[in-house]
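Beneath this line is the structure, given in structure tokens, with notes to follow.
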Amino acid sequence: MVKIAFNSALAHKALGKEAPAAVTDPELASPAVSEGSTGRCLLTLLGIAFILSGLIVGGACLYRYFTPKRLYHGAMQFSDVSGGAAGESQPYYLPRVEEEMEISDSMAVISVPPPRFRPGDPAYILHDFNRKLTAYLDLTLRTCFVIPLNTSVVLPPQDLIDLFSQLMSGSYRSYLVQEDLVVTERIVDVKPLGFYIHRLCDGKETYRMQRRSSLPGGGIQKRSAEECFTFHHFENTFVTQTRICKA
């Protein structure tokens, strides 16, 4: 019988060559794998957070600017107290102002049609309650006029809604208040005036105004050389006659 023997040194050497390929240490490999998966998870979470924040901010802007607005219609009859002495009997027919108002929590747009039996121009009047500005768009001239919001004349949004809710049930008798405004300078860029006024006045000549009484010297000047426009409207329990003059 022939016995075949293997050299033990060669056997150990061969096994030593094969061991690195066959044996992997899980304790040495796991840190690299876990670090890679953790980084991917963090990037995924950051991406989701960024998308959610964008959706929240975008949704807030859409709600602010494009939320459905309520539309109201109202009319007022008024007597011109300045036109006669106190206690003088009023004429049988009182002038009447009709207008439509589109309102939200931050703005109100009033559509003023041309008057029937007296001079006056059709206009859009926009009140931005957040920026405290009012813009008049003369529909005949296609020109905008901007002035700080007069809170003593214009009611807050909820009070305006209550007023027009009463007017929708019937006509309302009131009195006339006159407002005299003067153009002071032209506005080249309307973007700083806010989203609403930019949307109303973009592409149109736009001017800044002041109340005549606030001008130096009380605004006393020759009015014969002025070009003036008149609007009758109401944002309160009285009718306002706004007279805008360009020197």
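Any value given below was found using the heavy atoms of this structure, including those in side chains, with hydrogens, waters and symmetry copies removed.
Asn236 places no side-chain N or O within 3.5 Å of a backbone atom of Phe238 that could act as its donor or acceptor partner. Between the Ser79 side chain and the Tyr175 main chain, no donor and acceptor come within less than 3.5 Å of each other. When atom types are taken as modelled, the side chain of Glu205 and the backbone of Cys144 share no donor-acceptor pair closer than 3.5 angstrom. One N or O on the side chain of Thr206 and one on the backbone of Lys204 form a donor-acceptor pair closer than 3.5 Å. The closest donor-acceptor contact from the side chain of Ser214 to the backbone of Arg212 lies at 3.5 Å or more, if one exists at all. In this structure a side-chain-to-backbone donor-acceptor pair under 3.5 Å is present from Arg131 to Pro192.
With a 4.5 Å cut-off on side-chain heavy atoms, Tyr124 and Phe231 do not count as touching. Taking the side chain as every heavy atom from C-beta outward, Arg96 and Met76 never approach each other to under 4.5 Å.
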What's the verdict on ring-ring contact (aromatic ring centres under 6.0 Å, His included) for Tyr207 and Tyr136, showing C-alpha distance, side-chain angles and the deciding distance?
CA-CA 10 Å; Tyr207 297 90; Tyr136 298 85; over 10 Å; no
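Side-chain N/O atoms of Asp162 and Gln166 include no donor and acceptor closer than 3.5 Å. His233 and Glu99 share no donor-acceptor pair across their side chains, judged by distance under 3.5 Å alone.
The minimum heavy-atom distance linking Thr134 with His127 is given by the pair OG1-ND1, 2.9 Å.
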